[in-house]
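Have a look at the structure below before the remarks.
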4 protein chains.
Amino acid sequence: MSRKLRSALGHSTADRIFVRGHDLAGLIGKANLGDVAYLELKGRLPDERESLMFNAIAVTLVEHGITPSTIAARLTYYGAPEALQAAVAAGLLGMGDRFGGSIEQAARMLQEAPHDHDPHQTARRIVEEHRDRKQPIPGLGHPTHKAGDPRTARLFDLAAEHGFSRHHVQLMQLIGKEASKETGRELPVNATGAIAAIASEMELPWRITRGLAVMARAIGLVAHLQEEMEEPMAAEIWSRTESEAASDRD
Amino acid sequence: MSRKLRSALGHSTADRIFVRGHDLAGLIGKANLGDVAYLELKGRLPDERESLMFNAIAVTLVEHGITPSTIAARLTYYGAPEALQAAVAAGLLGMGDRFGGSIEQAARMLQEAPHDHDPHQTARRIVEEHRDRKQPIPGLGHPTHKAGDPRTARLFDLAAEHGFSRHHVQLMQLIGKEASKETGRELPVNATGAIAAIASEMELPWRITRGLAVMARAIGLVAHLQEEMEEPMAAEIWSRTESEAASDRD
Amino acid sequence: MSRKLRSALGHSTADRIFVRGHDLAGLIGKANLGDVAYLELKGRLPDERESLMFNAIAVTLVEHGITPSTIAARLTYYGAPEALQAAVAAGLLGMGDRFGGSIEQAARMLQEAPHDHDPHQTARRIVEEHRDRKQPIPGLGHPTHKAGDPRTARLFDLAAEHGFSRHHVQLMQLIGKEASKETGRELPVNATGAIAAIASEMELPWRITRGLAVMARAIGLVAHLQEEMEEPMAAEIWSRTESEAASDRD
Amino acid sequence: MSRKLRSALGHSTADRIFVRGHDLAGLIGKANLGDVAYLELKGRLPDERESLMFNAIAVTLVEHGITPSTIAARLTYYGAPEALQAAVAAGLLGMGDRFGGSIEQAARMLQEAPHDHDPHQTARRIVEEHRDRKQPIPGLGHPTHKAGDPRTARLFDLAAEHGFSRHHVQLMQLIGKEASKETGRELPVNATGAIAAIASEMELPWRITRGLAVMARAIGLVAHLQEEMEEPMAAEIWSRTESEAASDRD
């Protein structure tokens with residue numbers, strides 16, 4: 001019994017190309033890149049406030065400076081300069097559970113929470129469950145921005161202004177407050193928590209939210225490779241690491 | 001002798017995050033995703049016409065329907081559902097010489113051409129050189145859109161309207177005309193040729209132009225994986241391929 | 001506070017190269033590839049029975065015919081023929097939770113089980129726990145080899161003959177028996193279960209056991225790419241998939 | 001017009017599994033890992049001297065200590081600990097033109113050379129052609145092992161002893177001598193040159209020879225990830241690189 005293969009994302013005829021049912025020639029010069037990403041994920045173009053909010057999320061995720069992922073991309077380019085795409089891919093491979101994964105875990109936590117209960121109670125229960133399982137709560141805290149993640153404030157302001165501050169955003173904020181109370185230390189919502197909440201307001205399924213970081217970071221990785229071509233660091237990192245790692249021999 | 005490691009792309013302080021010298025909180029909600037990609041590559045935000053043109057290029061490259069790259073991503077997700085980023089990466093790995101590479105080759109051809117000569121003569125020489133080396137000219141012709149690529153017309157119209165139709169665009173167009181005359185068949189400039197020419201007008205170095213396809217396609221791949229979650233084809237492609245490949249045994 | 005970087009795997013001097021403390025020139029022509037893999041993972045060369053058993057495991061994992069992983073590698077090579085390594089990598093990316101992951105899960109189950117209890121009781125408890133959590137038991141059953149996996153019999157025979165049939169192998173076998181009794185259908189130990197058990201006898205930590213499949217399959221993927229060069233299927237799979245997926249439009 | 005999909009590498013029936021026509025159960029415990037790699041690539045099991053020589057080549061390529069590729073794998077594992085396969089893949093992605101590629105280039109040079117001419121003359125012509133194109137000759141010289149690569153001596157001794165020192169090995173050696181004479185500095189055949197020559201004696205097509213490094217290095221990468229689990233360096237490399245790269249700000 002064979003299953004029919006189907007895809008509604010794109011197709012072409014001899015003189016036209018369609019993306020999610022839209023004539024591509026009509027999108028070019030009209031929709032910006034974030035809008036087309038929204039179209040791809042949601043099946044329709046965003047309205048003005050959706051466009052602003054989705055672009056805001058994506059922009060937040062493009063560039064985080066020197067990270068394990070950008071170093072891996074640079075090292076890969078050093079060995080395989082014939083295949084820029086492989087260096088970007090190597091960088092993306094590190095966007096796993098520790099990085100992009102935290103958006104996914106926070107979005108899952110929010111989307112699986114009951115939304116017909118008192119949200120304060122739901123937040124308390126979520127905090128308690130994580131404490132009992134000795135798991136960190138996804139979307140809270142940041143090693144550098146201890147007093148509060150500057151991206152969160154900005155994203156939540158925009159969400160409030162443009163109508164995306166509903167159940168999920170409220171619950172994420174309450175979880176942050178409960179966790180801070182419970183642990184006695186500041187555990188503010190971080191950028192991944194804010195993005196998870198707003199993506200949930202946009203009804204993006206949690207399983208795909210890691211993809212928001214992946215698509216945005218692909219842009220940042222291309223920029224890192226461009227910088228690596230002009231101001232390389234790969235060979236130097238290799239040389240230092242190799243000589244130190246071998247230094248206590250004999 | 002050690003080399004200093006430097007990067008100017010991003011860095012953080014306790015309360016701020018910078019991308020290419022811009023405060024990220026100021027970009028969020030103001031700049032769209034394509035604008036931040038431009039900032040990343042060029043070191044400054046685009047003006048209005050640069051924003052429109054760069055977004056137009058990027059939008060063109062997001063989605064091409066079912067391709068070897070999107071099938072590979074879906075098959076990878078089937079085997080490794082724990083790591084969405086790896087499925088996107090697998091899809092990007094196929095954006096090599098045959099696909100994204102043609103932008104790079106066309107951009108290189110244009111950027112290495114002398115721009116102080118008569119462009120008709122330069123175009124003729126380029127066509128002759130490829131004929132003599134029996135190499136196809138990058139950026140020309142399309143298996144489906146034989147009469148003309150609908151993306152090219154749109155991109156070149158926008159380029160003309162917004163001041164990006166200068167040396168490189170003109171040379172690409174002349175190469176298309178010369179090649180058609182030389183071979184006696186229509187060899188119109190395709191989307192990758194148009195993008196290579198406009199990216200060259202934006203002074204993006206040819207070595208990075210493959211990255212334009214890579215960053216845009218990362219978005220499309222995330223959308224394909226979202227579709228694969230709801231309307232899977234990986235197992236069916238596997239099953240059909242395996243049974244056919246094994247069918248002439250014994 | 002800086003952490004010293006250390007690696008004991010390999011280093012070079014002007015005239016010698018060392019692998020895990022062994023002069024590489026002395027390994028070349030003496031140790032086979034499986035033996036050096038064992039050296040890499042265990043820090044010492046295998047004795048005769050360890051060599052035989054470890055090579056047996058690795059050989060089992062090299063080639064499984066047409067799989068999602070080998071198709072993805074072929075499709076990637078089609079798009080990026082300049083980078084064979086990227087096509088192999090694309091194939092490996094699909095060796096995740098669904099495939100290579102099952103070795104890891106089975107090895108974890110065995111290594112975390114108490115080995116000071118009655119093994120029958122331990123096996124029963126493991127089967128019950130999986131039933132209660134509605135989780136399949138890793139290492140049992142096979143869609144094709146319903147009556148018994150031909151690899152398992154061979155691996156367990158060798159294990160018995162060469163002294164690797166101890167706690168872990170016994171427990172894996174008991175789990176298979178208990179699960180078959182419990183569910184009323186044949187759930188024999190499959191190849192990944194057998195490999196997980198034997199790898200556990202070799203004291204390979206469960207976290208690395210997925211790597212056994214990864215290293216062996218890299219060999220198989222290179223062979224698939226060699227076959228793809230001579231007898232290609234990528235373009236055909238693309239063309240069929242694309243035309244079927246687009247066929248119910250208009 | 002549809003093309004039939006075919007593969008001769010592996011297939012299964014309900015009770016047997018075949019690899020290149022051999023019953024897998026018969027290979028397990030009989031053939032070592034290198035022999036099965038040979039079977040996969042050549043379609044038949046090696047005889048004794050082929051087994052020794054092929055394993056020797058593969059063993060040479062397993063482990064090179066700390067390299068860009070192993071660092072990239074470790075950094076990727078840090079970000080995506082859920083997917084060991086992705087970290088191995090990231091490491092392999094750097095086995096491109098600069099590393100694995102040199103085997104391919106050397107094998108191509110040897111396999112495309114005329115073998116009905118005087119080999120001294122052929123070697124001279126190859127050296128001259130590279131000099132005229134200002135290209136380095138693949139397979140010669142080494143930054144560390146300036147006086148001679150210890151792997152080369154061993155591999156060529158084995159090749160001589162076991163009947164693999166014929167046209168290709170001789171030509172590679174002559175190219176090394178000619179290049180040293182021509183340039184006035186020692187340019188001994190390095191390990192990749194020796195491997196390229198011996199692989200050519202085995203009639204492995206040059207397009208697949210990069211795959212020899214890829215398959216062997218997959219083993220080494222798994223070992224590096226095992227070491228990274230116990231003796232991590234990724235976070236430290238990240239932290240040092242990030243703080244240095246950001247240090248000349250303000």
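Per chain, numbering begins at 1; letters A, B, ... match sequence-line order.
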Using non-hydrogen atoms and a limit below 4.5 Å, what part of residues 152-160 of chain D faces chain C?
D:Arg154, D:Leu155, D:Leu158

So which of C:Leu212, C:Val36, C:Ile208 has the largest heavy-atom pair count under 4.5 angstrom toward chain D?
C:Ile208

Hey, could you give me the OG1/CG distance between C:Thr209 and D:Leu84, rounded to the nearest 0.5 Å?
9.0 Å

Can you tell which part of C:Ala86 gets under 4.5 Å to a heavy atom of chain D, answering side chain, backbone, both or neither?
both

So for atom CD, which belongs to C:Glu230, do other residues, nucleotides or ligands contribute more than 12 heavy atoms lying within a distance under 6.0 Å?
yes

Less than 4.5 Å to any heavy atom of chain D: does that hold for the side chain of C:Ser51, its backbone, both, or neither?
neither

So which of D:Ile237, D:Ile219, D:Thr13 has the largest heavy-atom pair count under 4.5 angstrom toward chain C?
D:Ile219

Test: D:Glu231 and C:Arg3 ion pair at under 4.0 Å:
yes

Taking all non-hydrogen atoms of both residues into account, name the closest pair between D:Pro150 and C:Ala25 and its distance.
O-CB, 4.3 Å

Would you list the pairs meeting salt bridge (Lys or Arg N to Asp or Glu O under 4.0 Å) in which at least one residue belongs to residues 29-45 of chain C, sequence neighbours left out?
C:Arg44-C:Glu50

So, the side chain of C:Glu227 versus the backbone of D:Ala8: is there a donor-acceptor pair under 3.5 Å, distance only?
yes

Name the region of C:Arg217, side chain, backbone, both or neither, that has any atom closer than 4.5 Å to a heavy atom of chain D.
neither

Interface moiety of C:Leu24 toward chain D, non-hydrogen atoms closer than 4.5 Å
side chain

Crowding at CD, C:Glu203 (>12 non-hydrogen neighbours, <6.0 Å)
no

Between D:Ala223, D:Ala235, D:Ala218, which residue shows the highest count of heavy-atom pairs closer than 4.5 Å to chain C?
D:Ala223

Which atom of D:Leu41 lies closest to which atom of C:Gln226, heavy atoms considered
O-NE2, 2.7 Å

Intermediate values then yes/no, side-chain contact (heavy atoms from CB on, under 4.5 Å), D:Leu225 and C:Arg210
CA-CA 11 Å; D:Leu225 294 169; C:Arg210 179 186 297 216; over 6 Å; no

So how far is it from C:Gln85 CD to D:Glu104 CD, rounded to the nearest 0.5 Å?
8.5 Å

Tell me, side chain or backbone of C:His224 under 4.5 Å from chain D's heavy atoms, or both, or neither?
both

Engaged part of C:Glu82 at the chain D interface, taking heavy atoms whose separation is under 4.5 Å:
backbone

Out of D:Val88, D:Leu27, D:Ile17, D:Val19, which one racks up the most heavy-atom pairs below 4.5 Å with chain C?
D:Ile17

Given heavy-atom pairs under 4.5 angstrom as the criterion, report whether the side chain, backbone, both or neither of D:Ala14 touches chain C.
both

Quick one: which of C:Val214, C:Leu93, C:Leu221 has the most heavy-atom pairs under 4.5 Å with chain D, could you say?
C:Leu93

Between D:Ala56 and C:Gly29, the two heavy atoms sitting closest are CB-N, 3.8 Å

Rounded to the nearest 0.5 Å, how far apart are OG1 of D:Thr144 and CG of C:Asp15?
11.5 Å

D:Met215 side, atom CE; C:Met215 side, atom CE - distance, nearest 0.5 Å
13.5 Å

May I ask you to name which of C:Ile28, C:Ile66, C:Val59, C:Asn55 has the most heavy-atom pairs under 4.5 Å with chain D?
C:Ile28

What closest approach, in Å, do C:Leu92 and D:Leu92 show between heavy atoms, and which atom pair accounts for it?
CD1-CD1, 3.4 Å

Please name the pair of heavy atoms, one in D:Gly211 and one in C:Val222, separated by the smallest distance, quoted to 0.1 Å.
O-CG2, 3.7 Å

Sorted by chain and residue number, the ring pair (Phe, Tyr, Trp, His ring centres under 6.0 Å) partners of D:His64 (sequence neighbours excluded) come out as none

Interatomic spacing from OG1 in C:Thr60 to CG in D:Leu33 - rounded to 0.5 Å
10.5 Å

Please determine whether the number of non-hydrogen atoms from other residues, nucleotides or ligands lying under 6.0 Å from atom CZ of C:Arg207 exceeds 12.
no

Those residues at least two apart in sequence (or on a different chain) that pass side chain to side chain donor-acceptor pair (under 3.5 Å) with C:Glu228 are C:Arg74

Whatever's closer than 4.5 Å to a heavy atom in chain C on D:Thr67 counts as neither

State the CG-CE distance between C:Leu5 and D:Met233, to the nearest 0.5 angstrom.
5.5 Å

Tell me, yes or no, whether the heavy-atom count around D:Glu48 atom CD, taken from other residues, nucleotides or ligands under 6.0 Å, exceeds 12.
no

Measuring heavy-atom distances to chain D, does C:Asn32 have an atom under 4.5 Å in its side chain, in its backbone, in both, or in neither?
both

Under 4.5 Å from a heavy atom of chain D, the part of C:Arg16 involved
backbone

Side chain, backbone, both or neither of C:Pro232 within contact of chain D (heavy atoms, under 4.5 Å)
both

